[in-house]
Q: 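Quick one: structure below, then a few questions.
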Amino acid sequence: DVDLLLTQPVTEETAWVQVKSRSRQAEFDDYLDRFIREGRFDRLFYVYHTATSPIRTSARNVHIWSAERVAKAVIDLGLLGWLSDRTI
């Protein structure tokens, strides 16, 4: 039930990526529990578009990306121009 598995080739660090259009804290907590039980991945990225309230965690190896965080990354990494060029 994992959406994407990534491996950083230089460090061999692995990441579990879960993407949701709608989510809530209880759903995230369930995936966090699965991630911890699995025990073979270094990081969890939980990416969601909409939630009834912000999803939170204090785990250091877990990254929660809301739609706003994804949009910020697009702008910060210079992908806005790239995206605009392809939509015109």
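Below, each value reflects all heavy atoms present in this structure, side chains not excepted, and no hydrogens, waters or symmetry copies. Sequential numbering from 1 along the given sequence is applied to the chain's residues.
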Q: Testing the basics here: between Asp42 and Thr14, what is the closest heavy-atom pair and its distance to 0.1 Å?
A: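 Closest pair (atom of Asp42, atom of Thr14, distance): OD2-N, 2.7 Å.
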Q: Over 60° means perpendicular and under 30° means parallel, so tell me whether Tyr31 and Tyr46 are parallel, tilted or perpendicular.
A: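 Tilted, since the angle between the ring planes falls between 30° and 60°.
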Q: Which atom names give the shortest non-hydrogen contact between Ile55 and Gln25, and what distance separates them?
A: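 What the structure gives for the nearest pair is CA-OE1, 3.3 Å.
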Q: Kindly compute the distance separating CD (Gln8) from CZ (Arg43), expressed to the nearest 0.5 Å.
A: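 Output value for this atom pair is 10.0 Å.
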Q: Hydrophobic cluster membership, with links at side-chain heavy-atom distances under 4.5 Å among I/L/V/M/F/W/Y: are Val62 and Val19 in one?
A: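 No.
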Q: In Å, rounded to the nearest 0.5 Å, how long is the span from CG of Asp33 to CD of Glu38?
A: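 Going from the CG atom of Asp33 to the CD atom of Glu38 covers 11.5 Å.
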Q: Rounded at 0.5 Å granularity, tell me how far OG1 in Thr52 sits from CZ in Arg24.
A: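 Output value for this atom pair is 8.0 Å.
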Q: Using the side chain to side chain contact (heavy atoms under 4.5 Å, CB included) rule, take Leu79 and Val74 through it: C-alpha gap first, then chi angles, then the decisive distance, then the call.
A: CA-CA 5 Å; Leu79 298 174; Val74 167; 3.9 Å; yes
Q: Does Tyr48 form a side chain to side chain contact (heavy atoms under 4.5 Å, CB included) with Ser21? I'd like the steps, not just the answer.
A: CA-CA 5 Å; Tyr48 70 94; Ser21 59; over 6 Å; no
Q: How long is the straight-line distance from CD of Glu27 back to CG of Asp30, given to the nearest 0.5 Å?
A: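 Nearest 0.5 Å value for the CG-CD distance: 7.5 Å.
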Q: Considering only heavy atoms from C-beta outward, does the side chain of Phe45 approach that of Leu6 to under 4.5 Å?
A: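 Sidechains of Leu6 and Phe45: no contact.
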Q: What is the distance from atom CZ of Arg22 to atom NE2 of His49, rounded to the nearest 0.5 Å?
A: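 The NE2 atom of His49 is 8.5 Å from CZ of Arg22, to the nearest 0.5 Å.
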Q: Which atom pair, heavy atoms only, marks the closest approach of Leu5 to Trp16?
A: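 Taking Leu5 first and Trp16 second, the nearest heavy atoms are CD2-CA, 4.2 Å.
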Q: Report whether Val17 and Phe41 are members of the same hydrophobic cluster (ILVMFWY, side-chain heavy atoms less than 4.5 Å apart, transitive linking).
A: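 No, no single cluster joins them.
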Q: Which atom pair, heavy atoms only, marks the closest approach of Ala73 to Trp65?
A: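 What the structure gives for the nearest pair is CB-CZ3, 3.8 Å.
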Q: Would you give the length of the straight line joining atom CG of Asp29 to atom OG1 of Thr57, rounded to the nearest 0.5 angstrom?
A: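 The distance works out to 7.5 Å.
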